[in-house]
There are 2 protein chains.
Amino acid sequence: MTETAPRPTLEAVAALAGVSRATVSRVVNGGDGVREALVTRVRRAVEELGYVPNQAARSLVTRRHDAVAVVIAEPETRVFADPFFALQLRGISKELTAHDNQLVLLLTEGRDDHARVGRYLAGGHVDGALVFSLHLDDPLPGLIQHAGVPTVFGGRPGWSESDGDAVYVDSDNRGGAREAVRHLVGLGRSRVAHITGPLDQTSAADRLDGFRDVMPDADPRLVEESDFTPAGGERAMRALLDRRPDVDAVFAANDLTAVGALRVLREHGRRVPEDVAVIGFDDMLPVAEQADPPLTTVRQDIEGMGRLMARLLLGRLGHRTDRDAEGTSAGVVLPTTLVRRASA
Amino acid sequence: MTETAPRPTLEAVAALAGVSRATVSRVVNGGDGVREALVTRVRRAVEELGYVPNQAARSLVTRRHDAVAVVIAEPETRVFADPFFALQLRGISKELTAHDNQLVLLLTEGRDDHARVGRYLAGGHVDGALVFSLHLDDPLPGLIQHAGVPTVFGGRPGWSESDGDAVYVDSDNRGGAREAVRHLVGLGRSRVAHITGPLDQTSAADRLDGFRDVMPDADPRLVEESDFTPAGGERAMRALLDRRPDVDAVFAANDLTAVGALRVLREHGRRVPEDVAVIGFDDMLPVAEQADPPLTTVRQDIEGMGRLMARLLLGRLGHRTDRDAEGTSAGVVLPTTLVRRASA
DNA sequence: CGTCGAGGTGAGAGCGCTCTCGCTCCCGGC
DNA sequence: GCCGGGAGCGAGAGCGCTCTCACCTCGACG
């Protein structure tokens, strides 16, 4: 194990620059109220010694940590199979590093982990939290609220009624779904089916609502609940074909499901889009673009959601990111766009 | 903004329990050398006040942080399109939380980020680092070595010759590739092609080496470099069919590439596996299982790699995880297994 | 019955930083 | 020529914790 040389302290820099610790501190933290000459002298000393502030000592007195927790609660492997979180993380990461904040990742699976996360957040290790709460019955949001840590949620939390001041970022799932279904109707399709996601997730529920907005009188047999996976999409499509062989369009709750549906349709000899038009959701590139035929889908800006979440949180933490993010005390809903490819 | 109540300190707990700070500290950190009676009294006080140690204050004196950085250097979006990192992260996360360590995620894109990461690691914010260094010419490993932070690499770093004491965890890419190609040969195929990954990554290079181990005399026209993506797989497969229409087996460097190849083969009217046997690498479940036909592939235990990386690092940090991880000063290579499905 | 040592406990000195407060110095106004 | 005030800088007091070391109390041993 390499012995790490004792890192230089403020004191050392101060000595070298011939000033007091206070002055060095001032320079390191922006340098206001210090004469230009001294600033450069201190800067040089910092450079020479390779001084890096000790974050622990700093946090001890400032009570800030310049760190944000990202909590991803997901017992299922499935989540990791789609790049959704990865993209959000990327957006979050970019925004956080742009403001010199660190990203502490907390992955949870199961109840005991929840307690751990609650303790960690309550422990004041981070300045705020970004939480992905997927399920309606998730106890995590409650725990976090209780911990008193500024939080922004990814996706609309299920319990929005019970607690008004939750800040969240979401895609316009309902609006996107409406646009998709309208597109299908515009193509002259009248027997439009919908393969939903797990309805205990708000995103899936909202997409179903969007579907119903456009097709209020749809035969209930044209709606099949599924689980956002290709295999689930296959099962659902089979059920749908079984019940309503005359189906002429399918709005799948996400791209993976759509891919499963495509496979079953092909298997049953239905041509897409001629016999059955198919439309997905997410615009997960490798999936949607490589599907056969390439998938028409509703794009959501996942990385942008991540960035926005981070920006909102930093705003709440007083980071004065930009004018825009300030003052938001409820949810922000990002628009979606329909991407036309070959399948509808 | 909810005003956070001033959190109780050691002092407060000590006062309530009627002991000194030192004793409370002892109890909080394990409680050795303190009478049972006092231990319970202190524990009760901790409970009552909801005391949580201030990590900053603790780190300031112990110089430990109980935090590990995970550095993922990847300028490309591609990485996020496959769940590789997500799974590794999951394994890492499990292992770290099991030992009460936090995971600080550092995503980098581009050179300036490297400097940032270097500074962060050198800054002594974390006890160690887990680094995914994908490319041969990546300057990151050097920077990190320079920062003097205990590090475990994910995947064999390219510069292993220049620096012997790098600890890394890798899959047996070469052995897995050998097994795959032998399987194809065992099927009676003699014109086996290989679609490689980007050869500036050790994993891709090693798989190519494995291919060559079994097919030392292969026509160079049967090897086509690609990029681990489905689109790249399509391109490569087309090139291969063009040059050697008589190809009767394909070993693709990963599953995504294999899927692209499958598509092109189907397009060209070749039956899989009758006319051309196809084999992938990774066993990315949603991809491999849902492929048409389901993909025979080489499975690597990605989550296990993550766990092992974390365990090795914690071992180096003196965490005494388990007997096993100790004393490893070089690389650890995890076995792969061939998963037979329909495509070969 | 005195002595020694082991086991428990508390006092106190920092860890490296920030931030308040007070001192100094210099400028402009009367 | 004196005074008020602002700008620039330093001294010093902590932030909440750990850890050394001295002290104290026993039980065991000679």
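Just the heavy atoms: all of them, side chains too, but no hydrogens, waters or symmetry mates, feed the values below. In what follows, every chain begins at residue 1, and chains take the letters A, B, ... in the order their sequences are listed.
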[Y] backbone acceptor or donor facing [X] side chain under 3.5 Å:
| X | Y | result |
| --- | --- | --- |
| A/His125 | A/Leu121 | no |
| A/Asp127 | A/Val68 | no |
| B/Thr97 | B/Ser93 | yes |
| B/Arg41 | B/Ala17 | yes |

In whole angstrom, what separates [X]'s [atom1] from [N]'s [atom2]?
| X | N | atom1 | atom2 | result |
| --- | --- | --- | --- | --- |
| A/Leu60 | D/dA13 | CG | C1' | 13 Å |
| B/Arg63 | D/dC17 | CZ | P | 17 Å |
| A/Asn29 | C/dC19 | CG | P | 7 Å |
| B/Glu11 | C/dG10 | CD | P | 12 Å |
| A/Leu10 | D/dG10 | CG | C1' | 13 Å |
| A/Asp32 | D/dC9 | CG | P | 12 Å |
| A/His65 | C/dC17 | NE2 | C1' | 13 Å |
| A/Gln55 | C/dT18 | CD | C1' | 12 Å |

- Residues in contact with DNA chain C, drawn from residues 35-54 of chain B - heavy-atom cutoff 4.0 Å: B/Arg35, B/Leu38

- So, with a heavy-atom separation below 4.0 Å from DNA chain C, the residues of residues 13-26 of chain A are A/Arg21, A/Ala22, A/Ser25

- Item | A/Phe85/A/Phe132 under ring-ring contact (aromatic ring centres under 6.0 Å, His included): CA gap, chis, key distance, verdict | CA-CA 9 Å; A/Phe85 283 112; A/Phe132 295 89; 5.2 Å; yes

- Query: Can A/Leu89 and A/Leu103 be said to form a side chain to side chain contact (heavy atoms under 4.5 Å, CB included), step by step?
  - Reply: CA-CA 9 Å; A/Leu89 267 183; A/Leu103 191 171; 4.2 Å; yes

- Is there any salt bridge (Lys or Arg N to Asp or Glu O under 4.0 Å) pair reaching into residues 8-31 of chain B, and which pairs are they, with sequence neighbours excluded? B/Glu11-B/Arg21

Pull out every protein N or O sitting under 3.5 Å from an N or O of nucleotides 23-28 of chain D, one pair per line with the distance.
none

- Message: D/dT18, OP1 or OP2 - any side-chain N/O from B/Arg64 closer than 4.0 Å?
- Response: no

Separation of [Y] [atom2] from [X] [atom1] (nearest 0.5 Å):
| X | Y | atom1 | atom2 | answer |
| --- | --- | --- | --- | --- |
| B/His114 | B/Glu109 | NE2 | CD | 10.0 Å |
| A/Ile92 | A/Arg311 | CD1 | CZ | 12.0 Å |
| B/Leu314 | B/Arg316 | CG | CZ | 12.0 Å |
| B/Asp66 | B/Ser59 | CG | OG | 7.0 Å |
| B/Leu130 | B/Leu106 | CG | CG | 11.5 Å |

- Check step by step if side chain to side chain contact (heavy atoms under 4.5 Å, CB included) holds for B/Gln102 and B/His65. CA-CA 9 Å; B/Gln102 294 312 320; B/His65 301 84; over 6 Å; no

- What does the inter-axis angle of the helix from C/dC1-D/dG30 to C/dC30-D/dG1 come out as, five pairs per end, nearest 10 degrees? 50°

Validation: residues 27-38 of chain A side-chain donor-acceptor distances under 3.5 Å, sequence neighbours left out:
from, atom 1, to, atom 2, distance (Å)
A/Asn29, OD1, A/Arg58, NH2, 3.4
A/Asn29, ND2, A/Ser25, O, 2.8
A/Asn29, ND2, A/Ser25, OG, 3.4

